[in-house]
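My questions will all concern the structure given below.
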Amino acid sequence: MAARSEGEGAVAGDAARQGRRGRDDGETRPQEQVFSGVCRPNCMYACRMSAHVRDGKLVKLEPAPYPEEGYTGCCAKGLSYIERIYSPTRIKHPLRRVGERGSGAWQRVSWDEAVSEIAERFQAVIDEFGPQAIVFDTCSGNYGYVNGIYSPLARLACVMGALKPAVCYDYAAGHGIHRVLGTGDWNYCNEPNSVLDASLVVIWGTNPVFCAPHNWRWIQQAKEGGTRTVALDPIKSATAHRCDEYVPVTPGNDGYLALAMAQHVVEKGLVDEEFLREKTTATFLVRRDTRKHVRLSDFTSAFAAGNPLQDAFYVWDKASGGLALADEARDPALEGTFALDDGSLVDTAYTLLKRELAHYSVARASELCGPAPETIEALAEEIATSRAVTVSITYGLDHYVNGYLSTWAVAILLALTGNFAKPGAGFTGMFLQPFALNFLGQWTEAPEPATLRSNLPSGLLPDIIATQTLVGRPFPVKAMLSYSSNPVGNYASQRAYLDKVLPNLDFWVVLDMELGDSARFADLVLPVTSWYESCDIRVAYNNPYTLFQEQAIEPLYESKPEYEIAGLIGRALGHERSFPADYGFDEWASLLFTNDAAKEQGLTLERLRAEKVVRTSGEPGKPFVRGLSAPWPTESGRVQLYCENPAPRLDYGQDLSAREPHEHVVHYREPAECGPNSPLRRKYPLVFLQEHSRFRVHTQWARTPALRELDPEPLAKVNGADARARGVRDGDMVEVFNDRGHAVVRCLVDESIAPGVLSIPKGWQRDQFVAGGYQEMTQPAMDPYPSSFAYYDTRVDFRKWEG
Ligand SMILES: Nc1nc2c(c(=O)[nH]1)N[C@H]1C(S)=C(S)[C@@H](COP(=O)(O)OP(=O)(O)OC[C@H]3O[C@@H](n4cnc5c(=O)[nH]c(N)nc54)[C@H](O)[C@@H]3O)O[C@H]1N2
Ligand SMILES: Nc1nc2c(c(=O)[nH]1)N[C@H]1C(S)=C(S)[C@@H](COP(=O)(O)OP(=O)(O)OC[C@H]3O[C@@H](n4cnc5c(=O)[nH]c(N)nc54)[C@H](O)[C@@H]3O)O[C@H]1N2
Ligand code: SF4
Ligand SMILES: [Mo]
């Protein structure tokens, strides 16, 4: 996929010196100019692209080189983005709804009219209900720092005092792993090329061939070098097909499987005890009365507030037969229960973990999850004895109500087997570089008071808007502005959004390029520039670079970049000081380089504009491995076998008192709807997945002609046994349904999908279905700890559609 093109010479330095107009390559391509850019949807990558422009028109996109060859490349979506720029479905000018919501009746309005209307409507809401009754909704449509999700529209939310809810799409995986590694929502993975040092890569509920091709290339390279690959998935996915071994599993129970494997490792004496003693909290003591670790601060008042003394943890020293600080003990007990002088009992963290693991068995895992006992045992033993194991993990385990428990269990399995903080060991899949631009400063360091109100989970918004309450208290929400977000398309339980949310929302503005599922139901739609019509900056995921997007073409029609739109609305609402009229791209972008991280890197806007692609973390040729060069960001700096303080990701006043006592030690809980004892099991026998498609990123590219040729229509994939049981044949139209809604689609009978599972690959718009849509059926519940949607924790059935 990597390409070195003849146009590339113009991408690097020359175009910069000539400003955004680029260079005329008079010799080979008359009139052609080449600009450096970056594809930046939420596919969790950032392919560097060359944009070829002739006569002001973008005529070709192709991969541009990264300084490290292995990071260069792109996919068919990146190449065909050009069709989205010139699509007849592009929004050309501001639109005001004139008919019923969603009826498609629009009136063209000028920017002046649109901005005045927004200011008036927002001001009226502020006057009556306060600024918190206005929601700034954003998600992941464009990972730009000046346009897109990090744009100064967030500054507008901050100076207005509006709500900017926290996204709830894929936070369970990180939440579970955080309990072990302290790595927060996203920072738990190694650099993708670290898999070259692995002896075994377990691909656990992820499909990188489709969803992270840039990461798959490294796994493929590792495989060619002798690394073994195993995939666990209910679907024999494109990735599973390419692995050395495929282990089919039933959806939603991987947590049990991982814990049964952990128990097997313990029983077989394959635990890495040296790692447990030295790198984890296994030997730390836990008081039974308080569920807290025993620490220095328990015994001295020297830790009063403000004292910089470092607290320390106690272990039981077998050499002295009493307490000793972890760093001082000569022979710390890995296991055991002991009595303190005050009579209270303490257990080692490892003892508590072992006690929980004793409830899990390979036999039960086999019944619950599918694989034969021998397969489970062999994989457990291989993980324990292989030199370095990487687990590739993204969001297949995440999208269940118990998703965080599953990833917590996988992290515990890796900890027990010593698979952290060494080359080739740990997690891969979602590498966020440690470097961050100062987007928070861009939002909140304004000349006026600015507060970021972002502790509210966006997944609660439908309920809040429908009831105008939050945890039983009045909570008016009356207006919303969405940018880089398609909540009708991407929130679970779409019918509820359409039937209960929208009627209770007085005014909805959507900023987008195309009339997607959300824009179609808005009151006012504002056209934004495409990714190549304005300059921008992107800090990459899954590689260690920061990139500059040159403006390749003029904004089409009346579209505007978001920083301009933020300024227009901001000034109309009286925030001239925070949105100076003369602020353009450079002024906004400069604010991003004011933090210490940027200064340490020597990174400035000028440098980025000149160099286009700058390494902003790690060193070339030395894959970044978490926990290797710095301690873990846990309180003790160690890998945690016991979670002393299980805090929720977002605190919105939820009552966790009944849950808290059970959240310290990893365990399995059944998923919500798809579990073996779900009351819906008989009525809706199939678990409903919505694989992320190779041909779309979420709802983007859903109408791109080049990709529609390859993937023309929505499909419901089912196993032959499930089709035959319903008299359905390959190619028939079927209705997939549950109590929440339905979708009418063509059926693909596919033996690579497990019996009892139905998948409609996600991202289609509503009007691409014969009736309904895949998102109508997904269930909206979230666990209150991770606050993350659990789309796959859903049951459905299907029948032949007679029209
Ligand atoms: N082309 C493309 N790339 C994308 C995206 C996209 O939409 N399109 N989306 C991006 C984003 S934001 C995300 S979150 C990621 C998602 O990336 P992935 O997590 O890789 O994608 P999914 O399709 O959700 O799930 C991956 C696999 O998990 C399996 N799976 C489902 N349930 C279970 C289970 O209970 N156990 C196990 N073991 N496996 C299970 C599915 O069958 C599927 O094959 O991809 C990113 N990349
Ligand atoms: N059923 C089901 N639903 C899911 C999932 C699932 O697995 N199953 N996965 C979920 C996951 S993991 C994720 S991350 C979410 C993603 O959800 P979203 O972030 O909403 O994803 P997109 O559909 O990529 O983008 C949203 C919108 O941004 C627009 N856009 C693109 N560029 C720009 C820009 O520069 N400016 C503006 N203003 N708009 C722009 C696009 O046209 C699109 O309409 O979806 C979730 N939805
Ligand atoms: S969609 Fe993702 S993988 Fe494809 S070109 Fe764009 S950034 Fe690269
Ligand atoms: Mo996601």
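Note that ligands are numbered from 1 as they come in the structure, with each ligand's atoms numbered from 1 the same way. Since the structure is predicted, the reported quantities are computational estimates derived from the model, not experimental observations.
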query = For atom 46 (C) of ligand 2, what is the nearest protein heavy atom, given as residue, atom name and distance?
reply =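 Going by distance alone, atom 46 (C) of ligand 2 is nearest to Y791 OH, 3.3 Å.
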inquiry  = Counting non-hydrogen protein atoms only, what is the nearest one to atom 32 (N) of ligand 2? Give residue, atom name and distance.
reply    =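 Of every protein heavy atom, W531 NE1, 3.2 Å lies nearest to atom 32 (N) of ligand 2.
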request  = Work out whether the distance between some heavy atom of Y491 and some atom of ligand 2 is less than 4.0 Å.
outcome  =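 Under 4.0 Å: no for Y491.
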ask   = For atom 33 (C) of ligand 2, which candidate among G396, C139, S484 holds the nearest heavy atom?
value =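 Of the listed residues, S484 has the closest heavy atom.
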task = Step through it carefully: locate the ring centre of Y541, locate the ring centre of W186, and say whether they are under 6.0 Å apart.
result =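 No, they do not, as the ring centres are separated by 6.0 Å or more.
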request  = Using a strict cut-off of 4.0 Å, indicate which atoms of ligand 2 neighbour a heavy atom of L511.
outcome  =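 Within the 4.0 Å cut-off of L511, ligand 2 contributes 37 (C), 38 (N), 39 (N).
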ask   = Taking only residues two or more places apart in sequence, or in another chain, which ones meet K77 in a salt bridge (charged side-chain N to carboxylate O under 4.0 Å, His left out)?
value =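 Once residues adjacent in sequence are excluded, K77 has no partner under the salt bridge (charged side-chain N to carboxylate O under 4.0 Å, His left out) criterion.
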task = Would you kindly say whether T616 and Q433 are connected by a side-chain donor-acceptor distance under 3.5 Å?
result =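 Side-chain D/A pair, T616 to Q433: present.
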inquiry  = Distance check, rounded to the nearest 0.5 Å: F122 atom CZ versus F507 atom CZ?
reply    =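 So the gap between those two atoms works out to 6.0 Å.
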Modelled atom types, side-chain donor and acceptor of Y145 and D536, under 3.5 Å =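 No, because no side-chain N or O of Y145 sits under 3.5 Å from a partner of the opposite role on D536.
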ask   = Near V697, which atoms of ligand 2 are under 4.0 Å from a heavy atom of that residue?
value =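 So the atoms of ligand 2 that pass are 24 (O).
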ask   = What is the number of protein N, O or S atoms that sit under 2.8 Å away from atom 6 (Fe) of ligand 3?
value =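 My tally for this metal is 1.
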query = Does the side chain of S759 come under 3.5 Å of the side chain of E691 through a donor N or O and an acceptor N or O?
reply =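 Per modelled atom types, S759 and E691 side chains form a pair under 3.5 Å.
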key: Backbone of A76 reached by a side-chain donor or acceptor of S80 within 3.5 Å   =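 It does hold such a pair.
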inquiry  = Students should be able to answer this: which protein heavy-atom is nearest to atom 21 (O) of ligand 2, and at what distance?
reply    =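 Result for atom 21 (O) of ligand 2: N490 ND2, 3.2 Å.
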key: Minimal non-hydrogen separation, Y774 against T699, with atom names   =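 Between these two residues, the closest heavy atoms are OH-CG2, 4.5 Å.
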query = Of all the atoms in ligand 2, which lie at a distance below 4.0 Å from a heavy atom belonging to D170?
reply =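 Result: 12 (S), 14 (S).
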query = Where is the nearest protein heavy atom to atom 8 (N) of ligand 2: which residue, which atom, and how far?
reply =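 For atom 8 (N) of ligand 2, the nearest protein heavy atom comes out as Q690 OE1, 2.8 Å.
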query = With a cut-off of 4.0 Å, which atoms of ligand 2 are near a heavy atom of Y792?
reply =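 So the atoms of ligand 2 that pass are 7 (O).
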Proximity winner for atom 26 (C) of ligand 2, if only heavy atoms of L153, N486, D398 are counted =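 Closest candidate by heavy-atom distance is N486.
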ask   = Can you say whether the rings of F548 and F585 are parallel (under 30°), tilted (30 to 60°) or perpendicular (over 60°)?
value =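 F548 and F585: perpendicular rings.
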query = Tell me, which protein residue and heavy-atom name are nearest atom 24 (O) of ligand 2, and how many Å apart are they?
reply =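 Result for atom 24 (O) of ligand 2: Q700 NE2, 2.9 Å.
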message = If the threshold is 4.0 Å, N to carboxylate O, is there a salt bridge linking E558 and K92?
response =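 Salt bridge between E558 and K92, a charged N being under 4.0 Å from a carboxylate O: no.
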task = May I ask you to check whether H52 and E62 show a side-chain donor-acceptor distance below 3.5 Å?
result =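 Short answer, yes.
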inquiry  = I want to confirm something. Looking only at heavy atoms, which of H692, E533, E562, M513 is nearest to atom 37 (C) of ligand 2?
reply    =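 Nearest heavy atom to atom 37 (C) of ligand 2 lies in E562.
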query = With a cut-off of 4.0 Å, which atoms of ligand 2 are near a heavy atom of T778?
reply =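 Numbered from 1, ligand 2 contributes 1 (N).
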request  = Can you sort out which atoms of ligand 2 are near N142, meaning under 4.0 Å from one of its heavy atoms?
outcome  =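 In order of numbering, the contacting atoms are 32 (N), 33 (C), 34 (C), 35 (O).
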query = At what distance is the nearest protein heavy atom to atom 44 (O) of ligand 2, and which residue and atom is it?
reply =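 Here the nearest protein heavy atom works out to D512 OD2, 2.6 Å.
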query = Taking atom types as modelled, is there a side-chain donor on E68 or Y545 under 3.5 Å from an acceptor on the other?
reply =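 Note: E68 and Y545 side chains meet the donor-acceptor criterion.
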task = Measure centre to centre between the rings of Y491 and F789, then say whether the value is under 6.0 Å.
result =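 They qualify: ring centres under 6.0 Å apart.
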inquiry  = Which residue and atom name correspond to the protein heavy atom nearest atom 27 (C) of ligand 2, and how close is it?
reply    =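 Closest protein heavy atom to atom 27 (C) of ligand 2: S485 N, 3.6 Å.
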message = Suppose I only count heavy atoms of N42 and a 4.0 Å limit; which atoms of ligand 2 are within that range?
response =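 Ligand 2 atoms under the 4.0 Å threshold to N42: 14 (S).
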task = Tell me whether the guanidinium CZ or amine NZ of R740 lies under 6.0 angstrom from the six-membered ring centre of F737 and within 45° of its axis.
result =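 Cation-pi check for R740 and F737: fails.
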task = Would you mind listing which atoms of ligand 2 come within a distance below 4.0 Å of any non-hydrogen atom of Y483?
result =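 Per the distance check, 38 (N).
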inquiry  = With salt bridge (Lys or Arg N to Asp or Glu O under 4.0 Å) as the criterion, how do E83 and K60 come out once you've worked through the C-alpha distance, each side chain's angles and the decisive distance to 0.1 Å?
reply    = CA-CA 10 Å; E83 291 193 338; K60 185 170 84 173; over 6 Å; no
query = Of all the non-hydrogen atoms in the protein, which one sits nearest to atom 25 (O) of ligand 2, and at what distance?
reply =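 Ranking protein heavy atoms by distance from atom 25 (O) of ligand 2, first comes G141 CA, 3.5 Å.
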